[in-house]
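Working notes, beginning with the structure itself.
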Amino acid sequence: MSIPCDMLVFGGTGDLALHKLLPALYHLHRAGRLHVDTRILALARSAHSRSAYQALAERHCRAQVARNDFDNETWASFAARLDYFAMDASQSADFGRLGKRLGEDHERVRIYYLATAPDLFEDIASHLKIARLAGPKARIVLEKPIGHSLQSAQAINAAIGAVFDESRVFRIDHYLGKETVQNLMALRFANALFEPIWRAGHIDHVQISVCETLGVENRGAYYEKAGAMRDMIQNHLLQLLCLVAMEAPVRFDAESVRNEKVKILEALKPITGLDVQDKTVRGQYTAGKIGGQEVPAYYFEKNVDNDSDTETFVAVQAEIDNWRWAGVPFYLRTGKRLGHKTSEILIQFKPVPHQLFGGGEANRLLIRLQPEERISLQLMGKSPGKGMHLQPVELDLNLADAFHKQRRWDAYERLLLDVIEGDSTLFMRRDEVEAAWNWVDPIIKGWHQHYQSPRPYPAGSDGPEQASNLLERHERQWME
Ligand code: BG6
């Protein structure tokens with residue numbers, strides 16, 4: 001069991017808190033992973049009594065947690081930990097009130113989870129300091145995106161760093177908490193099989209796709225300022241790229257793992273000038289059908305401008321300038337309102353050097369994170385009968401089945417427990433976040449300089465056709 005702590009969630013009535021954090025804490029409670037003396041305090045501006053907030057939280061948890069995992073008795077014991085405090089995080093005075101509410105126990109670990117817009121991060125950190133709530137036992141958790149550019153990320157990191165030393169800052173990227181993402185590290189570094197061929201000489205290219213069927217839901221105001229580049233590529237997709245491409249760390253600890261990841265981010269070849277048009281595609285969904293249902297165009301979504309120039313789709317051809325990866329394209333692709341929800345990594349190997357049987361496809365390894373967790377290796381086999389006719393066959397590992405259908409932890413469960421235990425291996429270090437912005441910024445700038453407006457694509461499709469061209473001109477194809 002973990003240490004006792006106070007988990008304070010800023011943005012306590014927001015989507016993230018209600019849809020992800022509270023259900024994750026409920027699961028940890030149910031699994032006996034929270035200390036009996038751990039309290040959860042949700043913070044937001046609106047006035048709610050404790051019982052009204054508990055009712056709100058219960059409604060959301062019931063909707064998010066599988067029916068078999070939810071029971072009234074467990075909920076009642078979880079709700080006993082859960083409280084609400086109305087405050088305005090932009091007002092310094094409110095932190096004095098918060099301090100009184102928390103009491104004097106400075107030995108107690110306090111975890112401030114900032115599930116708010118990043119423009120509040122700096123204020124919250126400095127108000128915590130002034131109210132003497134950021135003592136050596138306090139930790140802070142920041143949700144991505146950290147800022148909207150390198151400069152704003154540096155300002156946030158500096159402001160947070162003035163209050164909390166780096167070991168107490170947890171920059172969350174929930175993709176790192178996903179079981180399959182961690183399995184990617186196990187696959188690479190706990191098996192001798194792949195390492196010798198995990199390099200330019202044997203790999204033709206890599207694809208990393210995170211395709212969603214969801215639109216922007218009720219996050220239009222946030223998304224208008226972010227777009228797919230800041231919302232997904234800058235963090236989730238680049239983190240996946242790091243895990244595919246990094247060297248084996250000397251130890252599985254926070255510094256060793258993050259040192260290797262940052263080297264990859266720093267080795268990303270800058271995409272600037274005309275390369276921006278050549279190596280990136282932006283798209284925006286128009287009206288279409290998802291699962292048989294009509295959905296509106298992005299620019300008709302709530303809180304979105306009618307003439308919005310925000311991208312809901314991005315495809316990029318990235319390259320890593322180092323010995324292992326020189327010349328191997330890493331194609332990244334993400335989009336909302338696409339035909340299917342899938343997150344996957346494809347490692348496309350090179351063909352055999354000599355085609356003995358007249359044809360055959362090159363091997364590929366597919367690591368699927370969503371919807372089901374699976375790792376499959378496509379090999380060539382001989383089809384039954386006379387003659388050497390080749391046919392692709394798959395070695396297919398379904399991770400849920402392999403682990404006997406044990407409940408797979410949600411990413412936030414794992415990451416929240418890591419914060420409580422003070423383990424930052426699966427969190428982004430300051431230099432990682434800044435290196436990622438350093439690569440992303442010139443692309444965004446190039447789009448604006450060259451008036452590269454998003455290409456329309458109908459909801460329910462595979463994205464704009466220009467994204468296919470990105471690969472087809474090199475005789476490659478996106479994995480469908
Ligand atoms: C979030 C993005 O970080 O990740 C969302 O802000 C996106 O726009 C979500 O929908 C995707 O996460 P997952 O776990 O559903 O793939």
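Computed over heavy atoms, backbone and side chain alike; hydrogens, waters and symmetry mates excluded. First listed ligand is number 1; within each ligand, the first listed atom is number 1.
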As an exercise, identify every atom of ligand 1 less than 4.0 angstrom from a heavy atom of [X].
{"X": "E212", "answer": "7 (C), 10 (O), 11 (C)"}
{"X": "K336", "answer": "5 (C), 7 (C), 8 (O), 10 (O)"}
{"X": "Q370", "answer": "13 (P), 14 (O), 16 (O)"}
{"X": "H236", "answer": "1 (C), 3 (O), 4 (O)"}
{"X": "K178", "answer": "13 (P), 14 (O), 16 (O)"}

For [X] and [Y], which heavy atoms make the closest approach, and how far apart are they?
{"X": "V9", "Y": "L21", "value": "CG1-CD1, 3.9 Å"}
{"X": "D204", "Y": "R476", "value": "OD2-NE, 2.8 Å"}
{"X": "Y84", "Y": "H48", "value": "CD2-O, 3.3 Å"}

Examine [X] against ligand 1 and note whether any of their N/O atoms are separated by less than 3.5 Å.
{"X": "K144", "value": "yes"}
{"X": "Y222", "value": "no"}
{"X": "Y223", "value": "no"}

Answer yes when [X] and [Y] have at least one side-chain N-carboxylate O distance shorter than 4.0 Å, and no when they do not.
{"X": "R282", "Y": "D309", "answer": "yes"}
{"X": "R219", "Y": "D15", "answer": "no"}
{"X": "R455", "Y": "E465", "answer": "no"}

Checking a contact table here: which protein heavy atom is nearest [atom], and how many Å away?
{"atom": "atom 8 (O) of ligand 1", "answer": "D231 OD2, 2.6 Å"}
{"atom": "atom 12 (O) of ligand 1", "answer": "H174 NE2, 3.1 Å"}
{"atom": "atom 15 (O) of ligand 1", "answer": "K341 NZ, 3.5 Å"}
{"atom": "atom 16 (O) of ligand 1", "answer": "Y175 OH, 2.4 Å"}

Intermediate values then yes/no, salt bridge (charged side-chain N to carboxylate O under 4.0 Å, His left out), R374 and E344: CA-CA 9 Å; R374 109 176 299 135; E344 55 198 18; over 6 Å; no

Passing candidate, side-chain hydrogen bond (donor to acceptor under 3.5 Å, both in side chains) with D173, options K144, H236, Q239, Q234: H236

Under-4.0 Å heavy-atom contact with ligand 1, by part of K20 that carries it: neither

E143-Y113 side chain donor-acceptor pair, cut-off 3.5 Å: yes

